[in-house]
Amino acid sequence: MTSPATERVLRVVAPVVVGLVVLAIWQYLVSVVGVAPYLLPGPREIGQELQDNADAVREAFWITGRNAALGLVFGSVVGVVLAGLSAWARVVDGMLAFVVASLAVVPIVALAPVLNSMYGADSQYGRRAIAAIAAFVPVYVNTVRGLRQTTPQHRDLMHSYSASGWQTFRSLTLPSAAPFVITGIRVASSLAVISALVAEYFGGPRGGLGSFISTSAATSAYARAWAYVVAAIVLGLVAYVVTVLLERIVQHRLPTGGAR
Amino acid sequence: ACGGDGDDDKAGGSGGGDCNTSNDVKLQLQWLPQAQFAGYFAAVDQGFFEDEGLNVEIIPSGGDIVPQDALAAGDADYAIAWVPKVLGSIEQGVDLTNIAQIFQRSGTLQVSMADSGIDSVADFEGKKIGSWGFGNEWEIFAAMAAEGLDAESVEIVTQDFNMNAFLQGDIDAAQAMTYNEYAQLLETPNPDTGELYQPDDFNVISYQDTKGAMLQDAIWADTACLKDPAFVDRTVKFLKAVVKGWAYARDNVQKAADITVAAGSSWGPSHELWMANETNKLIWPADNGIGVIDQAAWDQTVEGAMAAVNEQGQHLITKKPPATAYDNTYIEKAIDELGDEVDTKGADYKPMDVELTEGGN
Amino acid sequence: MSATAQTTAAPGLVTARPRRGAGAWPVLRSVLLGLLGLVAVAGLWEAYKALAPEDGVMVGDNRVLPRTTDLAMPHVWDMAQRLGEPVTGMRGAEPLWQAVADAVVVSLKVAAAGWLVGTVIGLLLAVLMARLRVLEFGLLPWIVLSQTVPLIAFAPMVRSWGSRIEIGGWQWPPWMSVALIASYLAFFPVAVGALRGLQASDRIHTELMRTYDAGWWATLVRVRLPASVPYLLPALRLGAAGAVVGTVVAEVSIVYPDGIGRMLVTYAGQASGDPEKAWAPIFGAVVLGLVAAAFIALLGVLLRRYRRGEAT
Amino acid sequence: MSTAVPPDPEDTVDLDKRTPATGSTSSAFGAPPAVEAVGVSKAFGSRKRQVVALSEVDLRVAAGEFVALIGPSGCGKSTLMRLVADLEKPTSGTLEVFGKPASQARVDQDYGIAFQQAGLLPWRSVAGNISLPLELHGASRNERKQRVAELIELVGLTDFAKSRPDQLSGGMQQRVAIARSLAERPRLLLMDEPFGALDEMTRERMQAELARISVETGAAVVFVTHSIPEAVFLADRVVVMTARPGRITEEIVTGIGREVVRDQQLREDPAFFTKVTEVREALHGAPVASSAEER
Amino acid sequence: MSTAVPPDPEDTVDLDKRTPATGSTSSAFGAPPAVEAVGVSKAFGSRKRQVVALSEVDLRVAAGEFVALIGPSGCGKSTLMRLVADLEKPTSGTLEVFGKPASQARVDQDYGIAFQQAGLLPWRSVAGNISLPLELHGASRNERKQRVAELIELVGLTDFAKSRPDQLSGGMQQRVAIARSLAERPRLLLMDEPFGALDEMTRERMQAELARISVETGAAVVFVTHSIPEAVFLADRVVVMTARPGRITEEIVTGIGREVVRDQQLREDPAFFTKVTEVREALHGAPVASSAEER
Ligand SMILES: Nc1ncnc2c1ncn2[C@@H]1O[C@H](COP(=O)(O)OP(=O)(O)OP(=O)(O)O)[C@@H](O)[C@H]1O
Ligand SMILES: Nc1ncnc2c1ncn2[C@@H]1O[C@H](COP(=O)(O)OP(=O)(O)OP(=O)(O)O)[C@@H](O)[C@H]1O
Ligand SMILES: Cc1ncc(C[n+]2csc(CCO)c2C)c(N)n1
Ligand SMILES: [Mg+2]
Ligand SMILES: [Mg+2]
């Protein structure tokens, strides 16, 4: 039981401390234990590369970031909407069951060539589609489960009001599902980023983080590769912070009886 | 995602003090099993390694495995890799030596449609140029640099594992290996005719004919280990068997293809045969003997590598590689020891004609 | 529905409404519905292929809907037919479906191991974070961020170090490296979902446990874990999907020879001349996923008493 | 309310002078009854472990009539109410509400319901919970605001309009649920032990309000309670049930007309005590010792 | 139980003959009191919107004493109980249970509690819910089985031992919660309106059982109720609270000793009625009209 004030501080300090500890261990491994730089470059070298290639990294960051963001938004919206349909009609739920299970396991290596063929290797759409599919799955799966979490009594209440499907959805089902949706989006945010990035290995316009990670790694320019990886992590961080803010907003609006 | 154990300060993984000098040898390929590596598979299959007392395990790569890194990390004793990529790695602090330059010529093409008007590297300007990435793009940048084009004057599009992007018009000129992707094109039905695509449907630019040409499949070893006489001895034995393997593949193309399929290649028989044949063309005739590094070709590769700048302004290498980066001693010794046992030059090598079938099956 | 219609023929004779989870019908029903869904997708595929222009639907310069060429979207029946044909023209080559099935079995075993490891790690992390909020603050962001590190950055390291582990006569087999990487993808949804679930128990229940002075662990076992089941199920399901994807991707990444991942890459490389062939391992991956999902569904049935009151 | 004025004989309720009770007060003769259950049974569970909650229940509630349901714990009171509300389907028998099937009555929003558990939406404030049915049925923002304020005032929670349910005491939550059930002035009120968690004073106030509302709006009320005096005080008719299986064993007409003001005076009326005793005996299945004593 | 025997004058409780009430019955003199609250206050919420639930409450419950808490809805009864149970920390003041801090008493498992809401674990059966505290504190399987059977019998749910909470009526759920609070025969029982959802007969049975249990085990009981007769019937002392802010305004010693059997006869005792009236007046803040009438 911590006071809200200390909690707010800890929320920021704790992850930073963990990050610093990891960084310290890393630096220790590289400079004291002496792991070869082509296996694991040190934070300092990576920082140096980041500095040297700042513009290049930034450019790549935006390209991948845009794809990831578009994929995340589109995939999440489709995920929530389809989950809503599933909750509304069990037939839809049943019919989507296999399809979603299938989508969930088709890896990017398999999807990328297919979608590149479909959308054209000269456009970013294939990658956005990949990011969207990757984001869609956790949002859909969590939301479907969340939409079932209304309590029997609340369902009875809405039934007694003869509330329409949409009304029940809006007033009861969606608020009950909100924490689940958020959990889904939290998972989706990192998946969208990594998918948008990895999709770049397998075709499409060059320019994103993934392209340059692979190119750099292929010639053992690992410090440079890691500079792009760090950019990918920062991209993930941005996505994470956005979902945390989203969660805050939702939690503020819809406090649950959850334990502390 | 990090953390290290042992394996301290050795610049060369298993190198340094304790190189593997036993007769159990690991060879790291630079891709999945296919006839591009037919000579090594043949050497195993025909017992050439065994004859030298060696027990050789061939390890495929692809994906995220970089052969020269696997070698440097001590996961293998020898590795097949393209010279420009290894030059990049050497500049990053890996000490590796090219001990046999198996491919004497570059097998990389840039293919465009016959009506595209792209006949030379100079025509790339403003076009969508395909490349696999993973370091395969440096040859393009080098050739463009020689024509005075910088990387930003084209749009580089990453190709995936097949030629669909090119066939559907997403790419104006696609990267293709003579032995593989080019064959894939000729195995595909042309929707306009219903027949397979024909060579005259395409313009083919061979990097071998450009200033960008770079040396490709070479055998690499840890530089430090080459100071160990026992390692050197074993290396020479290894190279002898390799040479015999490639000579066999030259003289028995069909059998070499079959051996490769048996070794785990998943290509269809006609494609495999095509690949074996085209690979031979990159090796034979070998004027100085198979594997001997031609100074001029090496210098051109180094120059190209230094000239190439990618679209983010990054260089492959910025300075000349150290003298240890290649060494003909071992392959020459191997050729020497083989004497007349095998034809190591293939002066009167004649390629065969391979007919491709739909899908390569 | 009129009230009179509810009168049963024989009063007193109770016709119990079919309850969920009772008998074989619900299982059969969901399988049939699922198959219907797949058929519907196939139908949509063909309908789109028949109706949309070859070059897809363009809005301005943007292709918002895909192309319909045979190269991009082969006919469903062609893909099915290809499965029955031999892998290559080699004499004695096995049918394609059989090769795919063999690869699926190989990958499934690895994925199962990866899922197990990932689930255990994910649960452990979730429990630790639920136990100490500071740990949640400190670790959760990094757990989320860990998933944005591409495999290329560490998969070769895993393989390299794995290949060097040798204890006694036992040598770390390559499939374990694949499973380890798969667990890296599997642990993530489990950690995030389970954490949320462990924090979602009703206050009255945790307070009850407090009045019993039940330790944190007793509360975990008796209240928090059971109450987390609604969150745990999608987490495990996504974890299973993660394990499958992770297995396939790791197979590609570190070049594991016999699984579905390797097959995906090689057949994708042959897709220009033989576009239908490239779909076979994709279907294989789908089968893999369906097996994994079925397993989780079974788990859901076993845990149904912790899902009472859940809407259906 | 509880001033110490001795009962005025003039004011004593004369039962004989009153109109006969059952459903004849505020509804026009011939209007369909609010509830008409014929031979209704309800069983739960699988064939193996079956619980018969209700068995062959016949119940008629006239429009505008106030019926109290009383019976031991687990006898099926809540179940009967849920059947009327179309939240459960009878296993057999027919059930009509205002002359239509229960499901139609629900669609037509002919009733308001307050459950045994408050069942507030945890993410809505007190005001938000009360305004929910109004929102759902398209009341304008202004109407809503006004009605909600009225209702919050009625249940004495003006200071807590913005509080969330988990910040309320048990009794306060129950009052919110009552306010919610009244929001749309339904023709039929279904109330399942609505005053169970209220203290005596609040309870008495709520009772008086409910009586007033039912008269003013002419609403029929089905009211589950465990308090016999409460049942007699409020109802035109008290329906007594027994358990295993749930059956209606007796119906007692209180004879206190709708128009009689429910106040302290009525509580002190000897006729009132007589009825209380009567119900108690019906409920306990035997004559009760002292009829003047009320728990 | 409710047989029509007229009250026997011999049996009428003579209050004067009884031992004085407060905490002197079953506990040795000088034993630490079960509850000792001194100047306890509790405020909820932020500084902006603060609700003072309890203000400067002093309460002493002797070991073995039975104290009833009564007061209007929202006056802080549940809050006070939660403070004693160490589920909430007082904003100010000290609170001791059996002479130790409340937190220590919780650790030592000195009390059993029944919440206002039943709070059953939905995934456990009735038997499973009752046996939960026994499991947690390491009772053997046999002990557990026997004790659970006993308790299920006590609350009259033998047929429902294997049912899940959602298959029970409201009153049945509450009875399960009561059984659960009794499972470990605690020295202090905290009960928050435990009989609120029970019908009269079940309620009377449960009252008698609780009285018996508290005497037999010498347990102190803090008992929240809205029923004044129930409070008087059961308790040694009735503590009356008012709302906003929650305060104790009066304490009424019933004078009915622990050893007096709680039965029908006591309910009919005139002295009982007197006390009921006294509590009612204390609660409503004014003399009440007719003391013979109860709710
Ligand atoms: N969903 C259900 N599944 C199985 N049995 C049920 C269900 N709901 C109610 N019952 C059973 O039906 C019977 C009647 O329950 P009901 O809730 O109607 O009682 P009640 O008269 O309202 O009791 P109380 O006064 O305690 O609230 C009980 O025996 C109960 O166990
Ligand atoms: N968690 C909380 N946050 C804010 N206010 C609270 C909280 N819990 C209780 N309160 C407030 O404290 C006051 C006392 O509540 P409490 O539950 O103790 O009342 P009570 O006497 O038990 O009432 P009832 O008889 O209705 O159960 C109420 O005004 C309530 O709104
Ligand atoms: C991911 C990836 N794509 C392409 C190559 C380049 N490459 C090396 S050998 C060869 C012949 C093709 O069969 C090709 C294309 C690579 N190394 N890794
Ligand atoms: Mg009930
Ligand atoms: Mg309370």
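So that the names make sense, note that chain A is the first sequence line, chain B the second, and so on, each numbered from 1. These numbers come from the heavy atoms of this one structure, side chains and all, not from hydrogens, waters or symmetry mates. These numbers come from a predicted model, not from an experiment.
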Engaged part of [X] at the chain C interface, taking heavy atoms whose separation is under 4.5 Å:
X	result
Thr243(A)	neither
Pro138(A)	both
Ala217(A)	side chain
Phe202(A)	neither
Val91(A)	both
Tyr125(A)	side chain

Please state whether the side chain, the backbone, both or neither of [X] comes within less than 4.5 Å of a heavy atom of chain A.
X	answer
Val144(C)	both
Ile260(C)	neither
Leu35(C)	both
Ala293(C)	side chain
Tyr231(C)	both
Val134(C)	both

Looking at [X] and [Y], what are the two nearest heavy atoms and their distance?
X	Y	value
Pro107(A)	Leu264(C)	CG-CD1, 3.9 Å
Arg67(C)	Gly120(A)	NH1-CA, 3.4 Å
Ser190(A)	Gln147(C)	CB-CB, 3.9 Å
Phe137(C)	Pro15(A)	O-CD, 3.4 Å
Pro234(C)	Val141(A)	CB-CG1, 3.5 Å
Ile233(A)	Val149(C)	CD1-CG2, 3.7 Å

Measuring from [X]:[atom1] to [Y]:[atom2], what's the distance to the nearest 0.5 Å?
X	Y	atom1	atom2	answer
Thr148(C)	Leu197(A)	OG1	CG	8.5 Å
Leu151(C)	Ile194(A)	CG	CD1	7.0 Å
Leu238(C)	Tyr140(A)	CG	OH	12.0 Å
Asp70(C)	Ser117(A)	CG	OG	12.0 Å
Asp122(A)	Arg63(C)	CG	CZ	6.5 Å

Relative to chain A, which of [options] shows the most heavy atom pairs under 4.5 Å?
options	result
Leu139(C), Ile296(C), Leu140(C)	Leu140(C)
Gly289(C), Gly138(C), Ala72(C)	Gly138(C)
Pro150(C), Ala235(C), Ala294(C)	Pro150(C)
Pro230(C), Ser146(C), Pro189(C)	Pro230(C)
Phe283(C), Tyr267(C), Phe188(C)	Phe188(C)
Leu32(C), Leu233(C), Val244(C), Leu38(C)	Leu38(C)

Val100(A) side chain reached by Arg237(C) side chain, heavy atoms, under 4.5 Å: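 Answer yes - side chains close enough.
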Heavy-atom check, side chain of Trp279(C) versus side chain of Val114(A), under 4.5 Å: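 Heavy-atom side-chain distance check passes, below 4.5 Å.
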Neighbour count >12 (heavy atoms, 6.0 Å) for atom CH2, Trp45(C):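 Counting other residues, nucleotides and ligands, CH2 of Trp45(C) exceeds 12 neighbours.
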Residues, nucleotides or ligands: over 12 heavy atoms within 6.0 Å of Phe61(A) CZ: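 More than 12 within 6.0 Å, yes.
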Summary of salt bridge (Lys or Arg N to Asp or Glu O under 4.0 Å) pairs that have at least one residue in residues 177-194 of chain A, sequence neighbours excluded: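 Output for this query lists Arg186(A)-Glu247(A).
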Residue, of Pro113(A), Ser189(A), Ala101(A), Gly210(A), that accumulates the most heavy atom pairs under 4.5 Å with chain C: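 When all of Pro113(A), Ser189(A), Ala101(A), Gly210(A) are compared, Ala101(A) has the most.
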Residue selection (most heavy-atom pairs with chain C, distance under 4.5 Å) from Val12(A), Asn142(A), Val13(A):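 Ranked by contacts with chain C, first place is Asn142(A).
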Side chain to side chain contact (heavy atoms under 4.5 Å, CB included) between Val22(A) and Trp142(C), intermediate numbers included: CA-CA 10 Å; Val22(A) 170; Trp142(C) 292 105; over 6 Å; no
